[in-house]
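Single-structure report; data block below.
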Amino acid sequence: MVRVKVCGVTTESDLRAVDDAGADAVGVISEVTVDTPREVSLSRASTLFDAAPPFLTTTLVSMPSSATRAVELAAAASPDVLQLHGDFEADEFQRISAQTDARVVAVVDPDSSARARAIAHVVDGVLVDSVSDDGAGGTGETHDWAATAEVVETLNAPVTLAGGLTPDNVAEAVRTVRPYAVDVASGVEAEGGVKAHDAVRAFVRNATAAGDALERRDGRDEREEATS
Ligand SMILES: O=C(O)c1ccccc1N[C@@H]1O[C@H](COP(=O)(O)O)[C@@H](O)[C@H]1O
């Protein structure tokens with residue numbers, strides 16, 4: 001099974017479309033250091049989270065300037081999950097986790113498996129994204145999925161794959177990386193900050209079908225091994 005997060009939602013109607021499509025999580029972007037059409041104010045993020053139905057996991061995606069600010073953001077918007085881009089150290093993640101009710105997901109660069117290993121034990125999950133030089137996501141670019149597959153295999157933490165995913169490439173990404181979850185922002189947009197609802201549905205459908213097919217194949221392999 002693979003979970004699906006759709007990120008960069010800015011309106012209630014897009015949030016409903018994400019939920020209707022069967023996604024597991026929705027991401028709202030606030031307080032980032034890059035210019036992106038997907039950013040909303042913190043109070044708007046909070047309003048969108050209030051509009052989310054009970055079983056859709058809400059995620060605040062941010063690039064706070066400090067651990068203290070990260071805690072303030074979580075307190076202000078009350079997301080289920082806080083996705084943090086930036087160079088926080090393990091002790092800072094520990095402090096953030098201790099001071100917020102939100103689960104904390106750390107974003108790591110695909111080239112930094114050492115960082116992923118250094119922080120995995122103090123966060124609730126790791127998200128590997130094709131980040132820009134300043135650590136921001138939303139690049140629309142894929143990265144070396146084989147390297148991320150190795151992170152998934154060796155890290156004792158849920159690993160989410162992000163970066164340049166689309167309805168067309170997500171099945172291949174799931175088969176190659178076998179992540180805990182996939183995450184998409186620009187790949188399901190009609191225009192900057194506006195989701196294309198048919199693309200959101202296709203993304204969720206294709207990711208889920210690929211995850212389910214892998215599970216069936218694993219089950220078959222296990223049965224064959226047991227009877228051989
Ligand atoms: O989407 C953005 O503009 C963004 C800006 C700053 C930090 C994170 C951002 N988005 C995150 O990046 C992933 C991947 O984006 P994409 O699918 O490659 O466009 C996205 O899901 C967000 O988690």
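Order of listing sets the numbers, starting from 1, for every ligand and every atom in it. Being a predicted model, the structure only gives us computed values, none of them experimental.
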D80 and T57: side chain donor to acceptor below 3.5 Å: no
Step-by-step side-chain hydrogen bond (donor to acceptor under 3.5 Å, both in side chains) determination, H85 to S62: CA-CA 6 Å; H85 292 245; S62 194; over 6 Å; no
T139 vs S130 side-chain heavy atoms within contact, under 4.5 Å: yes
Donor + acceptor pair across side chains of H143, D111 (<3.5 Å): no
S132/D134 under side-chain hydrogen bond (donor to acceptor under 3.5 Å, both in side chains): CA gap, chis, key distance, verdict: CA-CA 5 Å; S132 59; D134 42 17; 2.4 Å; yes
Close-range residues for ligand 1, whose non-hydrogen atoms fall below the 4.0 Å threshold: K5, C7, I29, V32, V34, T36, R38, V61, Q83, H85, D129, A136, G137, G138, T139, G140, G163, G164, D183, V184, A185, S186
Backbone of T10 reached by a side-chain donor or acceptor of R44 within 3.5 Å: yes
